[in-house]
Amino acid sequence: MTRASSIGGATGIVFMVVLSLFLLLQLARPSVSGGDGAGLGRAPVADGVSHVVLFDFKSDIAGDDLHGATSHMLDLANNCLHPSTGKPYIKSIRGGKNNSPEGLSADRTHAFIVEFESLQDRDYYIETDPAHKEFIQHVTPLLDTGAIVVDFQDNDF
């Protein structure tokens, strides 16, 4: 019996995928000493927010549709404008096609990480931003079962 199956089928697989992404993100960051981690080498909780999005594009999606959807996602960095400044407010977006050999992806085909300066920016993005809302309308019909989203702040455990 695998660890994922002992957690509970699909829910266990999703948990393992999210946990794997979280650990990979943590390993990719440089080690920090000091901070408020009481000697544990942790920096203080950052103000910024990482918004991790996992998509499961349909297996029969046309190449042009897939390219259009992924480009549209990346273009949100320039198309999402702050309501008071009128300027882009997303720090960065990066992503790509799943290439994990672990078999724990819960059929998610692509992953993206959207970085925000603050919880307020993230909240505006998910609740109000018209460019993001339009993207959701565009991408939803191209997905098999939907998206998985996990947000976190560095060192907030």
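In this chain, numbering begins with 1 at the start of the sequence shown.
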Which heavy-atom pair separates [X] from [Y] by the least distance, and what is that distance?
{"X": "Leu74", "Y": "Gly95", "value": "CD2-N, 4.4 Å"}
{"X": "Val53", "Y": "Ala147", "value": "CG1-CB, 4.3 Å"}
{"X": "Ala131", "Y": "Leu76", "value": "O-CD2, 3.7 Å"}
{"X": "Ser50", "Y": "Ile113", "value": "CB-CG2, 4.4 Å"}
{"X": "Asn78", "Y": "Leu81", "value": "O-CD2, 3.6 Å"}
{"X": "Val139", "Y": "Ala69", "value": "CG2-CB, 4.2 Å"}

[X] with [Y], same ILVMFWY side-chain cluster at under 4.5 Å:
{"X": "Phe152", "Y": "Ile126", "answer": "no"}
{"X": "Phe135", "Y": "Ile148", "answer": "no"}
{"X": "Val149", "Y": "Leu142", "answer": "yes"}
{"X": "Val150", "Y": "Ile90", "answer": "no"}

Inset, instruction - Using modelled atom types only, decide if a donor and an acceptor are shared between the side chain of Asn79 and the backbone of Asp75 within a distance under 3.5 Å. - result: yes

Inset, instruction - Look at atom CG of Asp64 and say whether more than 12 heavy atoms of other residues, nucleotides or ligands are closer to it than 6.0 Å. - result: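 Atom CG in Asp64 is not packed in, count stays at 12 or less.
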
Legend entry - Greater than 12 external heavy atoms within 6.0 Å of His82's NE2: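 It does: His82 NE2 has more than 12 such atoms within range.
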
Rounded at 0.5 Å granularity, tell me how far [atom1] in [X] sits from [atom2] in [Y].
{"X": "Gln153", "Y": "Ser118", "atom1": "CD", "atom2": "OG", "result": "9.5 Å"}
{"X": "Leu54", "Y": "Leu143", "atom1": "CG", "atom2": "CG", "result": "11.5 Å"}
{"X": "Thr109", "Y": "Asn99", "atom1": "OG1", "atom2": "CG", "result": "12.0 Å"}
{"X": "Ile136", "Y": "His72", "atom1": "CD1", "atom2": "NE2", "result": "10.0 Å"}
{"X": "Asp123", "Y": "Asp151", "atom1": "CG", "atom2": "CG", "result": "9.0 Å"}

Inset, instruction - Applying ring pair (Phe, Tyr, Trp, His ring centres under 6.0 Å), name anything that partners Phe57, two or more places apart in sequence or on another chain. - result: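 So Phe57 forms a ring pair (Phe, Tyr, Trp, His ring centres under 6.0 Å) with Phe55, His110.
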
Legend entry - Results of ring pair (Phe, Tyr, Trp, His ring centres under 6.0 Å) for Tyr125 - residues two or more places apart only: His51, Phe116, His132

Inset, instruction - Given side-chain contact (heavy atoms from CB on, under 4.5 Å), test Lys91 with Glu117 step by step and report yes or no. - result: CA-CA 7 Å; Lys91 284 176 46 176; Glu117 288 285 339; 3.0 Å; yes

Legend entry - Sub-4.5 Å side-chain heavy-atom contact between Thr70 and Lys97: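 A side-chain contact under 4.5 Å is absent here.
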
Legend entry - Stepwise side-chain contact (heavy atoms from CB on, under 4.5 Å) test for Arg122 and Val114: CA-CA 9 Å; Arg122 187 274 321 264; Val114 184; over 6 Å; no

Legend entry - Set of residues satisfying side-chain hydrogen bond (donor to acceptor under 3.5 Å, both in side chains) with respect to Thr145, sequence neighbours excluded: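 Scan of Thr145 (side-chain hydrogen bond (donor to acceptor under 3.5 Å, both in side chains), adjacent residues dropped) gives Asp56, Arg108.
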
Inset, instruction - Could you walk me through whether Asp129 and Tyr89 pass side-chain contact (heavy atoms from CB on, under 4.5 Å), step by step? - result: CA-CA 11 Å; Asp129 191 293; Tyr89 63 93; 2.8 Å; yes

